[in-house]
> 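Got a structure for you, written out below as C-alpha cells; questions coming shortly.
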Amino acid sequence: MRYRKQISCLIVLLGILITSTAYVVNVGRIDSKNNKNTASQNSNTNSSSKKTSSKTDNKTTADISIPVLEYQAINSHNVSPNSFRSQMYYLKNINYNPITIDDLYNYLVNSKKLPEKPVLITIDNGFSSTARDAYSILKEFGFKATVFISTDFIDHSDYLTSAMIKDMINNNISIQSNGPNRNSFTSLKGDALKNALSASKNRLEAVTGKNTDYLAYPIGFNADSSLDIIKQSGFKMAFNTSGAMADKSDNLLSIDRIPITNSDNFDSFKEKLSSPKNKQ
C-alpha cells in the first residue's frame with residue numbers, strides 16, 4: 001500500500017516537471033520570436049529612416065548652372081501678368097525650386113547646399129505693377145523672388161511705395177538696389193558713381209530696415225571698368241543681363257542673368273531655362 005502511494009507521488013511530481021519544462025520551452029520560443037520580430041521591426045524602421053533621409057536630403061553643393069531670371073517689369077508693356085503666371089506655373093509643374101538671393105550668394109561663396117533645380121527670380125526697376133501683379137502671382141505659387149529697385153523713384157507715381165516694399169519683405173521677397181536710376185550708370189564715373197550707389201544703398205536700407213547687399217545693372221551696362229567702384233560702394237554681389245546661366249565661374253560683381261521679355265513665347269521661355277546662350 002505504502003509502495004503504491006510512493007509510486008503515485010512520483011507520477012504526480014514527474015507530471016509537474018514535464019509541464020514546467022514545456023512551459024519554459026514555450027516561453028523561450030515566444031521570447032525568441034518576439035526578439036526576432038523586434039529586430040525585424042527595428043531593421044525595417046532603420047531602413048525606412050534611411051529611405052526617408054535619402055528622399056529629403058535632395059540638396060547639392062555640386063558646381064551647377066543656375067538660371068537667374070530677369071524681368072524688367074510685369075505689366076502690359078513688358079511681360080504680361082498672364083504670361084508671367086504661365087511661366088511660374090511651368091516652373092512649379094516641373095519642380096523648379098525658387099531660391100533667395102542670399103541662398104545664391106552662400107552657394108557661390110561658401111558652397112552651401114541648394115535644392116534640386118534651383119532658380120532665382122528677379123524683377124527690376126520697382127514699378128508699382130510689381131506689387132499689384134507680379135507679387136500676387138508669386139504669392140499664389142508660394143515663390144521667393146528678388147526685386148531690384150531704382151531708389152530715386154520710391155513713393156513716386158507708378159513706382160513702389162515704402163508701404164508696398166515693407167509688405168513684400170514680409171512675404172518671401174528680397175528688396176535690393178537697381179541703383180539710383182538707369183542714367184546714373186552711364187552718366188556717372190569714379191567717385192560720383194560710388195557716391196550715387198552708396199546713397200542708393202543707404203536709402204533702401206532706411207526704408208527696409210535690412211542690409212542692401214546686392215545690385216542689378218540695367219540692360220546694356222558693361223560693369224567691367226566699374227567693379228572696384230561697385231565693391232567700394234558696399235555691395236557683395238551684382239548682376240548683369242548676359243543671358244547665360246550663373247555658376248561658380250562668375251565674378252561675384254557680374255553674375256549672369258537671363259532676360260525674359262515680352263517677345264518670349266512659351267517655347268522660348270523653356271529654351272532659355274534649359275539652353276541659355278554660352279558665356280562670353
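A quick note: this is a predicted structure, and the numbers were derived from the prediction, not measured.
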> Please check if V109 and F235 belong to a single hydrophobic cluster, counting links between Ile, Leu, Val, Met, Phe, Trp and Tyr side chain heavy atoms closer than 4.5 Å.
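They do not share one cluster, since no chain of ILVMFWY contacts under 4.5 Å joins V109 to F235.
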> Restricting to non-hydrogen atoms, name the atom on P259 and the atom on D264 that form the minimum distance, rounded to 0.1 Å.
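Taking P259 first and D264 second, the nearest heavy atoms are O-OD2, 4.0 Å.
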> State whether K112 and D103 are salt-bridged, where the test is any N-O pair (Lys NZ or Arg NE/NH1/NH2 against Asp/Glu carboxylate O) under 4.0 Å.
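No, K112 and D103 are not salt-bridged.
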> Check side chain to side chain contact (heavy atoms under 4.5 Å, CB included) between N251 and all other residues, then give those that pass, not counting sequence neighbours.
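By the side chain to side chain contact (heavy atoms under 4.5 Å, CB included) rule, N251 matches L227, L253, S254.
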> Is a side-chain N or O of N178 found less than 3.5 angstrom from the main chain of A216, in a donor-acceptor match?
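Indeed, once roles are kept as given, a pair shorter than 3.5 Å links the two residues.
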> Transitively linked via ILVMFWY side-chain contacts under 4.5 Å: L197 with I149?
no
> Quick check: closest heavy atoms across S177 and L204, and the distance to 0.1 Å?
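Looking at all heavy atoms of both residues, the shortest contact is N-CD2, 3.6 Å.
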> Which atoms form the tightest heavy-atom contact between A244 and D256, and what is the distance?
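That would be O-CB, 3.3 Å.
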> Are F239 and L108 co-members of a hydrophobic cluster defined by side-chain heavy atoms under 4.5 Å apart?
yes
> Just jot down the side chain to side chain contact (heavy atoms under 4.5 Å, CB included) partners of T146, sequence neighbours excluded, or say none.
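Only I101, L120, T122, F148, S174, Q176 meet the side chain to side chain contact (heavy atoms under 4.5 Å, CB included) criterion with T146.
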> Which residues pass the ring pair (Phe, Tyr, Trp, His ring centres under 6.0 Å) test with F269, sequence neighbours left out?
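By the ring pair (Phe, Tyr, Trp, His ring centres under 6.0 Å) rule, F269 matches no residue at all.
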> Mind running side chain to side chain donor-acceptor pair (under 3.5 Å) on S83 and S86 for me, showing each step along the way?
CA-CA 5 Å; S83 293; S86 295; over 6 Å; no
> Between S268 and S263, what is the shortest heavy-atom contact and its length?
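Heavy atoms only, the tightest pair is OG-O, 4.5 Å.
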> Following the transitive rule for hydrophobic clusters with a side-chain heavy-atom cut-off under 4.5 Å over Ile, Leu, Val, Met, Phe, Trp and Tyr, establish whether F185 and I154 coincide in one cluster.
no
> I need the minimum non-hydrogen distance between A196 and P180, along with the two atoms involved.
O-CG, 3.3 Å
> Provide the closest heavy-atom pair for A145 versus L138 in the form atom of the first, atom of the second, distance.
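That closest heavy-atom pairing would be CB-CD1, 3.7 Å.
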> Using modelled atom types and a 3.5 Å cut-off, is there a donor and acceptor pairing between side-chain atoms of N195 and backbone atoms of D191?
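Yes; judged by distance alone, with no hydrogens or angles, the pair exists.
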> Show your reasoning for whether side chain to side chain donor-acceptor pair (under 3.5 Å) applies to T161 and D155.
CA-CA 4 Å; T161 65; D155 292 321; 4.7 Å; no
> Mind checking what makes salt bridge (charged side-chain N to carboxylate O under 4.0 Å, His left out) contact with D152, not counting sequence neighbours?
none
> Taking salt bridge (charged side-chain N to carboxylate O under 4.0 Å, His left out) as the cut-off, I'd like each qualifying pair that reaches into residues 78-92, sequence neighbours left out, listed once.
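Pairs touching residues 78-92 that pass the test: R85-E140.
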> Starting from F153, walk the hydrophobic network (Ile, Leu, Val, Met, Phe, Trp, Tyr; side-chain heavy atoms closer than 4.5 Å) and list everyone else you reach, by chain and number.
F127, Y159
> Whether the S187 and N183 side chains hold a donor-acceptor pair (N or O, under 3.5 Å, no angle test) is what I'd like checked.
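Absent: no donor and acceptor within the cut-off.
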> List the residues meeting salt bridge (charged side-chain N to carboxylate O under 4.0 Å, His left out) with R182, not counting sequence neighbours, and say none if there are none.
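Testing R182 for salt bridge (charged side-chain N to carboxylate O under 4.0 Å, His left out), a comparison that skips the adjacent residues, returns none.
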> Would K248 pass as a cation-pi partner of Y107, given that its NZ or CZ must be under 6.0 Å from the six-membered ring centre and within 45 degrees of the axis?
yes
> Going hydrophobic residue to hydrophobic residue with side-chain gaps under 4.5 angstrom, can you get from V147 over to I219?
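No; I219 is not reachable from V147 via cluster members.
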> Is there any side-chain hydrogen bond (donor to acceptor under 3.5 Å, both in side chains) pair reaching into residues 124-138, and which pairs are they, with sequence neighbours excluded?
Q72-N125, D124-R257, Y135-D167, Y135-N171
> Are the side chain of N78 and the backbone N or O of N75 linked by a donor-acceptor pair below 3.5 Å?
no
> Partners of N202 by side chain to side chain contact (heavy atoms under 4.5 Å, CB included), sequence neighbours excluded?
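N202: side chain to side chain contact (heavy atoms under 4.5 Å, CB included) contacts with E205.
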> Output all residues satisfying side chain to side chain contact (heavy atoms under 4.5 Å, CB included) with I229, sequence neighbours left out; order by chain, then residue number.
L193, K194, S233
> Tell me the salt bridge (charged side-chain N to carboxylate O under 4.0 Å, His left out) pairs involving residues 66-82, sequence neighbours left out?
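Sorted result for residues 66-82: empty, none.
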> Just grab all the side-chain hydrogen bond (donor to acceptor under 3.5 Å, both in side chains) pairs involving residues 207-229, residues at least two apart or on different chains.
D102-Y214
> N262 side chain to H77 main-chain N or O, any donor-acceptor pair under 3.5 Å?
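Between the backbone of H77 and the side chain of N262 there is a qualifying donor-acceptor contact (under 3.5 Å).
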